[in-house]
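These notes concern the structure reproduced below.
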Amino acid sequence: MALSMEKHYDHRRIEKQMQELWEREQLYKFNRESPGEIYSIDTPPPTVSGSLHIGHLFSYTQAEMIARFHRMQGRNVFYPFGFDDNGLPTERLVEREENIYAKDLPRSQFIEKCRQATQKYETEFVDFWKSLGFSVDWTTQYETISPAVRKISQELFLELVKMGKAYIKESPVLWCTECQTSIAQAELDTNDIDSTFNYIPFYVDGEPLLVATTRPELLYGCVCLFVNPADERRSALIGKSALVPLYQFEVPVLADEKVSLDKGTGVVMCATFGDNTDVEWFFEHDLPYRKVIQPNGCIADEAPLIGGLKVNAARKKIIRLLEDANLLLKSERITHAVATHERCGKEVEIIPSRQWYIDILTEKERFLEAGNQINWYPAQMKNRYRIWVENLKWDWCISRQRYFGVPFPVWYCKDCGRPVFAKPEQLPVNPLETEYGGTCDCGCKEFIPENAVFDTWATSSVTPQINERLGLALTPMSMRTHAHEIIRTWTFYTIVRSLYHTGNIPWKDLMITGFVLAKKGEKISKSKSNAEMEPTALIAEHSADALRYWSANARLGTDTFFSVDELPIAKRFITKLWNASKFAISHLRDMDRNRSDEPTLLPVDRWIIERTNETVIRAAAALNEYEIGAARHEIDDLFWKDFCDNYVEIVKARLYDPEIHGFDERRSGQYALYYTLLNILKMYAVFVPHITDYLYRVFFIEHEKAASIHLLKWERPKETAPDIIKFGEEIKSNIADMRKLKSENNLSMRAEMERLEIRTTSFAEWFKLSAMDLQTCANAKEVVILSGL
RNA sequence: GGGCGCUUAGCUCAGCUGGGAGAGCACCUGCCUUACAAGCAGGGGGUCGUUGGUUCGAGCCCAAUAGUGCCCACCA
């Protein structure tokens, strides 16, 4: 195929052309037989929630660059992509888009709608990654709802059951009354909500005892009052009975050190269940359960005065009743943080129910130790993990009373209620569609299927095992990457599962990327002002390489702001790379690479080669630490400042006029130019794969043989020559002085000058060999070298 | 309340193990120079949040303090 270099770089045509070529040539196809150690990347399977935003582009692109970097270090990169399509995010998307509620539809019909939505968005996502030039072997793609993954997920669940690490119990659980499912601690958000702190008198021995509460609707659920045992004012109350206002039943006054002396009135109402502390007290003090709130968010009918009302309406009504009865002695307006469900924003309740859990509370120490064995990039992200683990209060509830997810391979005996489990050969199985087919130990042959599905994280937490489904032993994988918001979920849960299933950490390195914010403090949303940040439109207009180049500007783990105003910088870089290459290649066309004798290099040529080697070393060091921005800046410095602004300007005349400068001298220049440009392109290939491969295929392919620049390896210079680099610094400073002189006199850079004085510390010999170059570069009549300065 | 960041030029940020304060954008001046005017060359502009300490020497280390952001806790 004939590729040409036109005056202007046409990203629309060339990016598409390159992507088609890569696909046709199967350039990124993973081959387990390929040489090189395997470098495996555990990439987040995006949840199908409908929004494809600049944050995806930013975070995934950085990881993709790491894949390219390691491939160009000679490693056999395994870089599978997946989709986390099952679960609540997809369900919420479908409910929102179609304006329906899952519970109003037949189960199978709703699941079918989810499947359709999933397919539609997954196609969009894949097209998107492809349009960014991702070096992914799409034949390794997985979906968490697929039969193969369902099977793995169910198998591993059964393994946990066998180990005693997964268990079922009837217990208070975090519950979303909007989504009508149990949820896990990791799915909580906190929102500041306006509320009132209500002071209500209970009566003990006929004397009023003021209790402050934000949840008066739970009065009927009150099971006791608590005071602090060290509270001298209250010690006489301990053990007595208190009369609950409005409802007129008696509850005991108990003592517990968790009660703070100075909060509210120092007396706490404990209800089942207002908050996490109530649950702890429920167990520690063996308290009874008084039902108030039902799973659908309505007050139980048996609760007088407010039965059947929604929680908020019930609260209002109770407050009004208290006021009417002169029982609301004080009411303070407050703003306080309440736990909400991250998927819908609704306040979370605590309701007893029968759920499946994975034991995590007994193994905190082990999880912390595992965290220490993993290399965190950037290192301080480990703190978020540590603090999360230390603060865990609930075992991981993995059952969801939802529809579009991996089913539990479980039935319950109709007689004794004991769970029975699917046999290995049955998997994957949906107990709603398949009979258990066995007999319970109690002799019963009838079973009730479990209709809950797994928490979506219960499946996505085994991505290392999912990635191993193709028969490759990968764990611990080389690297996991994602943004910092899911440390408490994806990172944590994967570590839990890996330790349980393999006894080992899931990956060696964790690369935690930052977030993209619209502007200071504003999160990305689908609001109008953010429409200009729609990524597919940005790529179409500004090119994938430009957006990739922009993404590579960030420091790892640090949030960044996106503004279209930043893209011209990237576009200018693309133009510069195009023009510089165009120039260099035009002077390399006649180069004879087959000559066996290497040219004797002039010092200037040695300098740019050494600078290139130095940059390769530095950029590789940064990328080995996942510092993409630092690496890019190193290469930028070499390319723009040293190569374009200085080296090319110096070597130009030699390339144009061998009759004046000498043919060997021209050959030396060609050699350095070839080496430097090729290696600059190789380094940039990680960041801007389209333009670099095009430039490679336009020219270098004749000499390098490999079909694509992406099949080449970076140089591995062992050391550089510091002297020649210092010499280069002196050349640059001499040229800068010359340019300054002309600029200050409003002269063209081409203006002729009488004499160029070169000042050098100790490189007089090298400057003598470069005198001709510098003389032409400055358009000077003579060059004088002043050494020893 | 606990933890982790950040604070450097008008803006966005880089500054490695302590020694010269930097880049891009913006601004000003000049330059059609056989890759690039979508360019090039040059310039102005900073008490490195504040205070104290260690050191021959601090943007960098230590302590305190202010502002700001995130993570966690906080529903009486």
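Protein chains get the first letters and strands the later ones, always in sequence-line order, with residue 1 at the start of each.
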Applying a 4.0 Å non-hydrogen cut-off, can you work out what V259(A) is touching in the nucleic acid: base, sugar-phosphate, or nothing? base

Roughly, in whole Å, what's the span from CE in M738(A) to P in rG42(B)? 10 Å

Remember a base hit wins even if backbone is also touched, and classify C270(A) as base, sugar-phosphate or nothing at under 4.0 Å, heavy atoms. nothing

For nucleotides rA37(B) and rC71(B), find the distance between their C1' atoms and express it as a whole number of Å. 49 Å

Is R488(A) near enough to rC72(B) that one of its side-chain N or O atoms lies under 4.0 angstrom from OP1 or OP2? yes

With rounding to whole Å, what would you report as the distance between rU51(B) and rC4(B) at their C1' atoms? 24 Å

Nearest listed nucleotide, side chain of N391(A), among rC36(B), rG15(B), rA73(B): rA73(B)

Between rU34(B) and rA21(B), how far apart are the two P atoms, rounded to whole Å? 38 Å

Looking only at side-chain atoms of S748(A), point me to the closest of rC31(B), rA38(B), rA73(B). rC31(B)

Applying a 4.0 Å non-hydrogen cut-off, can you work out what M269(A) is touching in the nucleic acid: base, sugar-phosphate, or nothing? sugar-phosphate

Using the C1' atom in both, what is the distance from rC27(B) to rG67(B), to the nearest Å? 29 Å

Of the listed nucleotides (rA41(B), rA38(B), rC75(B)), which one gets closest to any side-chain atom of D645(A)? rA41(B)

Just checking E649(A): base, sugar-phosphate only, or nothing, at a heavy-atom cut-off of under 4.0 Å? base

Shortest side-chain distance from A337(A), nucleotide among rG42(B), rC74(B), rU33(B): rC74(B)

Rounded to the Å, how far apart are E566(A) CD and rC25(B) C1'? 8 Å

Rounded C1' spacing from rA9(B) to rG3(B) in Å: 33 Å

What nucleic acid atoms does V348(A) come within less than 4.0 Å of, heavy atoms only: base, sugar-phosphate, or nothing? base

So, Q670(A) and D590(A): side-chain donor and acceptor under 3.5 Å apart, yes or no? yes

Base, sugar-phosphate alone, or nothing: which one does F197(A) contact when heavy atoms must sit under 4.0 Å apart? sugar-phosphate

What does D636(A) touch in the nucleic acid at a heavy-atom separation under 4.0 angstrom: a base, only the sugar-phosphate, or nothing? nothing

Rounded to the nearest angstrom, tell me the gap between atom CG in N276(A) and atom P in rC72(B). 15 Å

Contact class for Q185(A) vs. all strands (heavy atom < 4.0 Å): base, sugar-phosphate, or nothing? sugar-phosphate

For RNA chain B, list all stems, counting runs of three or more consecutive pairs where every pair is Watson-Crick or G-U wobble with both distances under 3.5 Å. B:1-7 with B:66-72, B:10-13 with B:22-25, B:27-31 with B:39-43, B:49-53 with B:61-65

Which nucleotide in the set rC72(B), rC74(B), rU12(B) lies at the smallest distance from any side-chain heavy atom of I387(A)? rC72(B)

Pairwise C1' distance for rG18(B) and rA58(B), with rounding to whole Å: 7 Å

Distance between P atoms of rA23(B) and rG43(B) (Å, rounded): 10 Å

Whichever of E744(A) and K641(A) has its nearest RNA chain B nucleotide further upstream toward 5': K641(A)

Hey, are D636(A) and Y549(A) close enough side-chain-wise for a donor-acceptor pair under 3.5 Å? yes

When we call it a touch if two heavy atoms are under 4.0 Å apart, what does T190(A) touch: a base, just sugar-phosphate, or nothing? base

Taken to the nearest whole Å, CG/L577(A) to C1'/rA38(B) is 15 Å

Starting from P on rC6(B), measure out to CE on M381(A) and report it in whole angstrom. 11 Å

Within 45° of the axis and under 6.0 Å from the centre of the six-membered ring of Y220(A), does NZ or CZ of R290(A) qualify? yes

Verify the contact: side-chain N or O of K263(A) to OP1 or OP2 of rG1(B), cut-off strictly under 4.0 Å; return yes or no. no

Ring center gap for Y694(A) and H690(A) short of 6.0 angstrom: no

Counting the atoms with a prime plus P, OP1 and OP2 as sugar-phosphate, which does W281(A) contact under 4.0 Å by heavy atoms, base, sugar-phosphate, or nothing? nothing

Counting the atoms with a prime plus P, OP1 and OP2 as sugar-phosphate, which does S195(A) contact under 4.0 Å by heavy atoms, base, sugar-phosphate, or nothing? nothing

Expressed as a whole number of angstroms, how long is the span from E634(A):CD to rA14(B):C1'? 11 Å

Select one nucleotide: of rG42(B), rC75(B), rC25(B), the one nearest the side-chain heavy atoms of R739(A). rG42(B)

Is the shortest side-chain N/O distance from W550(A) to OP1 or OP2 of rC13(B) below 4.0 Å? no

Heavy-atom nearest nucleotide on RNA chain B taken for W388(A) and for H8(A); more 5' hit belongs to H8(A)

Checking E332(A) against Y199(A): is there a side-chain donor and acceptor pair closer than 3.5 Å? yes

If you measure from the Lys or Arg side-chain nitrogens to the Asp or Glu carboxylate oxygens, is any gap between E6(A) and R13(A) under 4.0 Å? yes

Less than 3.5 Å apart, any donor N or O on the side chain of E730(A) or T760(A) sitting next to an acceptor on the other? yes

Write down the atom of A314(A), the atom of I299(A), and the distance for their closest heavy-atom approach. CB-CG1, 3.6 Å

Is the closest side-chain heavy-atom distance between V251(A) and V223(A) below 4.5 Å? no

Give a yes/no answer on whether the side chain of K393(A) brings an N or O atom under 4.0 Å of OP1 or OP2 in rA73(B). no

So, for F700(A) and Y674(A), is the gap between ring centers shorter than 6.0 Å? yes

Under 4.0 Å, heavy atoms only, any strand: does K742(A) hit a base, just the sugar-phosphate, or nothing? nothing

What interatomic distance, in whole Å, is found between C1' of rA66(B) and the corresponding atom of rU50(B)? 7 Å

Taken to the nearest whole Å, CG/L747(A) to C1'/rC40(B) is 15 Å

Side-chain N or O of K740(A) versus OP1/OP2 of rG43(B): is the shortest distance under 4.0 Å? yes

OP1, OP2 of rG3(B) versus side-chain N and O of R386(A): anything below 4.0 Å? no

What residue among D559(A), T558(A), T513(A) forms side-chain hydrogen bond (donor to acceptor under 3.5 Å, both in side chains) with H484(A)? D559(A)

Separation of rC74(B) C1' from N191(A) CG (nearest whole Å): 14 Å

